[in-house]
Asks: 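Dropping the structure in here first, questions after.
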Amino acid sequence: HRNLNGAGQFFSSGHTNNWAVLVCTSRFWFNYRHVANTLSVYRSVKRLGIPDSHIVLMLADDMACNHRNPKPATVFSHKNMELNVYGDDVEVDYRGYEVTVENFLRVLTGRLPPSTPRSKRLLSDDRSNILIYLTGHGGNGFLKFQDSEEISNVELADAFEQMWQKRRYNELLFIIDTCQGASMYERFYSPNLMALASSQVGEDSLSHQPDLAIGVHLMDRYTFYLLEFLEDIHPASKTNMNDLFKVCPKSQCVSTPGHRTDLFLRDPGSVLITDFFGSVRKIEITMETINLTDPIKQMEEK
Amino acid sequence: NGRAIKLSKVLKRWEASQVGDVDPGMSVAPPHPHTNTDSFQEELVVRPLHSGDIYASFQFRTVWEADFSRGNKVSHYQLFPKSLGQVISKFSVRELHISFTQGYWRTMQWGQPFLPSPPGAELWVWFQDSVTDVDGTWKELTNVLSGIFCASLNFIDSTNTVQPSAAFKPLGVGNVTDHRFLRYATLPREIVCTENLTPWKKLLPCGSKAGLAVLLKSEKLFHSSFHSQAVHIRPICQDQRCKSTSLELRQTLNAVFDLHTSGQAKREWSLFKMFSRTLTEACPLASSSKIYIDITDNSQGEQFELSPASSLLSQAVVLGDRRTFSVYDLTDQATFGSTRSLNLLIRLKSTDGDMLRPLLHAERYVAGYGLQTGEIHTVMYNHHPYRSFPVLLLDSVPWYLRLYIHTLTVTSKGKENKPSYIHYQPSKDRLRPHLLEMLVQLPPNSATEVTVEFERALLKWTEYTPDPNHGFYVGSSVISSLVPSTVATNTSITQEQPLFSSFFPCKEELSYFVRVYTEPLLVNLPTPDFSMPYNVICLTCTVVAVGYGSLYNLLTRSFQIEEPSPGLAKRIANVIRRMRGVPPL
């Protein structure tokens with residue numbers, strides 16, 4: 001029996017800070033949509049309150065200032081250039097050749113060289129809720145990084161176990177938008193992990209719409225509908241994870257999105273979207289006045 | 001009573017520590033009488049170019065009264081950004097110059113830039129002489145700067161860092177010229193985008209909210225032919241006697257906008273067309289905020305028409321040339337007129353008229369064929385009609401292009417031209433690059449060609465980038481020189497002067513310092529077929545599986561005789577017999 005009102009809700013989630021690790025693993029101009037995917041999630045997460053210092057954004061290639069981009073310094077998610085997800089205030093922590101499997105795993109486990117700056121570190125603790133979003137090209141049990149190396153689902157599961165043993169997260173939400181994405185969360189075995197994927201094993205995740213002026217596909221279907229869903233969320237909304245599982249049914253996505261909640265201790269219906277996508281500080285306003293001088297008086301008398 | 005006195009002492013200490021951080025062990029220092037000693041100036045120079053393009057150069061200068069040379073600790077920051085101040089004090093940096101450039105500066109079409117920069121990222125630093133391990137400090141500094149500017153500067157390591165002996169002298173005051181404390185590196189592949197502009201803008205005292213920085217919108221700035229943003233930190237003298245130094249931070253941004261890609265068929269430029277913004281106020285923290293429009297070629301209004309007109313004029317000698325500028329002072333409310341916003345309009349008229357030909361410019365290219373050998377050619381042009389001058393050429397070539405220095409030739413006008421100073425440091429595989437510095441005298445009105453042959457190395461397969469067929473970049477050559485100016489020498493003849501002062505040439509505009517960067521080179525290295533390991537594994541495993549499997553089967557398979565399956569009647573009979581416990585047929 002959970003008390004979801006008042007003080008009960010204040011203590012039900014158990015986290016005190018939010019982090020996000022958003023990774024785009026594809027290089028080359030025709031993979032524009034993967035960068036747009038990651039930037040859409042970045043934009044939503046920033047809008048809902050997570051600051052840049054708590055977001056580790058990894059983009060494997062530069063699309064905004066690419067020489068093939070007819071509109072420099074922009075990355076669009078909707079055709080006819082409706083929404084520029086790149087914006088004016090963006091901080092990319094790992095870019096270009098720095099996005100490698102090794103760097104990704106080092107960020108997750110915290111094993112970085114001592115001279116790494118703070119903006120490139122995931123400084124989470126045991127009260128942090130972390131959102132991890134991966135997108136790129138993948139297959140059954142692996143995700144490709146920059147067309148030259150892969151990360152397997154076993155490595156990912158072991159990295160999360162390392163994070164659990166080092167107390168680097170309180171709860172973790174893992175979202176992946178790639179072909180056969182459900183294979184990536186099959187091997188998880190650490191507690192407090194919830195996972196979502198854009199397609200089941202044996203299915204391909206498809207892209208959404210091309211823009212004729214830019215000449216490439218702008219977004220992937222799952223993340224496109226995820227962005228639409230997140231645009232309706234504001235910091236005080238009470239939408240929970242069950243609504244997130246319903247995003248992009250087979251009629252819209254062509255592939256079947258999957259999710260995994262057996263390792264998660266709380267009921268997904270009681271988990272708010274803003275527990276992972278936002279950084280909501282719960283403030284309690286009190287009208288009492290508190291007299292601070294009395295305890296000093298007591299000490300003096302001793 | 002006692003408690004009240006204790007509390008007031010605590011409050012006084014707390015108040016004093018607000019002025020400057022107080023170490024509990026140290027005695028409280030009295031607050032500095034002049035706490036407002038930081039100063040900030042901003043300016044924008046706009047120069048219409050002869051091709052119809054326009055060159056805009058922003059400079060933001062913050063001067064900080066802090067002296068780090070004696071290891072003083074500073075923790076009160078006013079206008080100077082705290083992130084850079086902490087970096088300077090922690091790594092004992094005397095001078096720091098970092099630039100991010102997209103595009104290549106076309107000297108012959110655009111003239112000389114105010115502040116040159118090579119394509120990609122360039123970083124050079126002079127450390128204080130108190131630093132014991134310069135290489136370790138350099139590595140940490142590049143990592144910290146990569147976090148501040150969101151750039152992959154952490155790829156700067158010993159394989160692309162050099163210690164130039166003569167080409168990069170300190171630009172600030174100080175007498176340390178031991179080049180062991182200098183480090184120089186370039187990353188020609190580095191891209192510049194909004195994520196680099198955002199932290200750069202956050203270093204300004206007014207941010208991008210007031211003053212000239214409101215014009216810096218990324219969508220227009222990156223839609224240009226050339227874009228370069230830089231940060232220069234150096235010590236300067238506080239006053240005439242130079243007893244103590246203060247730290248100067250200059251943030252510069254140069255951009256060249258192309259007339260045709262900016263859209264609209266009209267041949268005019270305005271602040272709104274360039275930056276999609278107009279100015280409404282100066283930065284309140286700035287002691288001076290000005291816009292200069294170069295009207296030297298427009299003395300009779302034949303080149304362009306400028307509105308609103310300004311009565312303020314200023315003359316300055318820049319890059320050996322006496323230029324006239326129309327000045328708009330943004331600290332004066334009258335500049336904004338009745339609409340409270342300033343949108344300068346430059347309507348271009350004729351395209352006649354020659355640009356002042358730049359005296360020094362350079363090109364570089366790779367010659368040869370195939371994937372084994374090649375030649376690097378650097379051509380330096382001296383367009384002065386009768387004066388020759390020396391230039392210092394700095395070349396830093398990565399180790400995987402093995403230079404054969406015995407093939408180095410320098411020719412001018414067909415004849416060999418021997419450099420008077422050569423400093424060459426050979427490369428070490430995977431450790432350090434080639435460094436070649438030469439002092440070459442360029443004859444008047446000539447082209448000097450420097451050629452050197454190289455051989456391409458085969459890298460280990462893990463050393464290739466994810467896109468090796470793009471090629472590998474070689475950083476720009478740097479050509480530094482004191483160029484004699486043609487214009488200044490002409491004026492010395494026409495002016496009336498007493499004879500005792502005009503025998504020896506002593507005009508201050510006689511020569512000016514110029515640094516020219518060549519193009520970076522893109523060289524293809526022999527690339528292996530990266531799919532081959534996969535193919536080899538598949539083929540080998542298939543052969544092994546088929547061979548071993550067949551052998552195993554031959555050795556261990558045994559044959560058994562199997563009865564043919566009985567008919568339906570017999571099967572029913574067997575079932576009944578099994579039920580009765582009788583052996584089957």
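By convention in this document, chain letters (A, B, ...) are assigned in the order of the sequence lines, proteins followed by strands, and residues within each chain are numbered from 1. Values below: every heavy atom of this structure, side chains too, minus hydrogens, waters and symmetry copies. Since this is a predicted model, take the numbers as computed values, not measurements.
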Asks: Flag yes if more than 12 heavy atoms outside A/Lys71 fall under 6.0 Å of its NZ atom; otherwise flag no.
Replies: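 No, NZ of A/Lys71 has 12 or fewer neighbouring heavy atoms, counting only those of other groups under 6.0 Å.
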Asks: Just so I know, are the side chains of A/Asp62 and B/Cys193 near enough to count as touching, which here means a heavy-atom distance under 4.5 Å?
Replies: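 Yes. Closest side-chain heavy atoms under 4.5 Å.
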Asks: Tell me which of these, A/Ser119, A/Pro113, A/Ala73, A/Ser148, has more heavy-atom pairs under 4.5 Å with chain B than the rest.
Replies: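 With the most close heavy-atom pairs to chain B, the winner is A/Ala73.
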Asks: Counting N and O atoms only, with roles assigned by atom type, does the side chain of A/Arg118 sit under 3.5 Å from a partner on the main chain of B/Gly147, one being a donor and the other an acceptor?
Replies: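 No: the side chain of A/Arg118 does not pair with the backbone of B/Gly147.
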Asks: Looking only at side chains, do A/Tyr94 and B/Asn154 share a donor and an acceptor under 3.5 Å apart?
Replies: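 No, because no side-chain N or O of A/Tyr94 sits under 3.5 Å from a partner of the opposite role on B/Asn154.
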Asks: Counting only heavy atoms not in A/Arg187 (residues, nucleotides, ligands), do more than 12 fall under 6.0 Å from its CZ?
Replies: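 Atom CZ in A/Arg187 is not packed in, count stays at 12 or less.
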Asks: Using a cut-off of under 4.5 Å for heavy-atom pairs, which of B/Val144, B/Leu221, B/Asn196, B/Leu197 has the most such pairs with chain A?
Replies: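 If we count pairs closer than 4.5 Å to chain A, B/Asn196 comes out on top.
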Asks: Quick one: do the A/Asp88 and B/Ser218 side chains pair a donor with an acceptor below 3.5 Å?
Replies: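 Looking only at side-chain atoms, B/Ser218 and A/Asp88 do form a donor-acceptor pair, the distance falling under 3.5 Å.
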Asks: Check whether more than 12 heavy atoms from other residues, nucleotides or ligands sit under 6.0 Å from atom OH of B/Tyr104, and answer yes or no.
Replies: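 Above 12, so yes.
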Asks: Do the non-hydrogen side-chain atoms of A/Arg95 and B/Cys150 ever get within less than 4.5 Å of each other?
Replies: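 No, every pair of side-chain atoms sits at 4.5 Å or beyond.
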Asks: What's the spacing between B/Asp467 CG and A/Asp61 CG if we round to 0.5 Å?
Replies: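 It comes to 7.5 Å.
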Asks: Minimum heavy-atom separation for A/Cys65 to B/Val192, with atom names?
Replies: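 Here A/Cys65 and B/Val192 meet closest at SG-O, 3.4 Å.
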Asks: Among B/Leu141, B/Thr261, B/Asn143, which residue forms the greatest number of heavy-atom pairs with chain A at distances under 4.5 Å?
Replies: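 Going by pairs under 4.5 Å, I would pick B/Asn143.
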Asks: So which of A/Gly87, A/Pro117, A/Pro72 has the largest heavy-atom pair count under 4.5 angstrom toward chain B?
Replies: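 The option with the most such pairs is A/Pro72.
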Asks: Is the closest basic N to carboxylate O distance between A/Asp89 and B/Lys202 below 4.0 Å?
Replies: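 Salt bridge between A/Asp89 and B/Lys202, a charged N being under 4.0 Å from a carboxylate O: yes.
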Asks: I'd like to know which of B/Glu140, B/Lys217, B/Lys220, B/Arg189 tops the heavy-atom pair count under 4.5 Å against chain A.
Replies: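 Ranked by heavy-atom pairs under 4.5 Å with chain A, first place is B/Arg189.
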Asks: Looking at B/Phe530, B/Phe222, B/Tyr464, which has the largest count of heavy-atom pairs under 4.5 Å with chain A?
Replies: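 Heavy-atom pairs under 4.5 Å are most numerous for B/Phe222.
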Asks: Please classify the contact between A/Phe145 and chain B as side chain, backbone, both or neither, with a heavy-atom cut-off of under 4.5 Å.
Replies: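 Contact with chain B: none, neither part.
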Asks: Counting only heavy atoms not in B/Lys90 (residues, nucleotides, ligands), do more than 12 fall under 6.0 Å from its NZ?
Replies: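 Atom NZ in B/Lys90 is not packed in, count stays at 12 or less.
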Asks: Please lay out, stage by stage, how B/Glu195 and A/Leu59 fare under the test side chain to side chain contact (heavy atoms under 4.5 Å, CB included).
Replies: CA-CA 11 Å; B/Glu195 66 254 21; A/Leu59 298 179; over 6 Å; no
Asks: Can you tell me which portion of A/Asn66 sits under 4.5 Å from chain B's heavy atoms? Options are side chain, backbone, both or neither.
Replies: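 No part of A/Asn66 comes within 4.5 Å of chain B.
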Asks: For atom CZ of B/Arg430, is the number of surrounding heavy atoms from other residues, nucleotides or ligands below 6.0 Å larger than 12?
Replies: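 Yes, because the 6.0 Å sphere around CZ of B/Arg430 holds more than 12 heavy atoms from other groups.
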Asks: Identify which of A/Glu149, A/Glu91, A/Glu98 forms the greatest number of heavy-atom pairs closer than 4.5 Å to chain B.
Replies: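 So the answer, after comparing A/Glu149, A/Glu91, A/Glu98, is A/Glu98.
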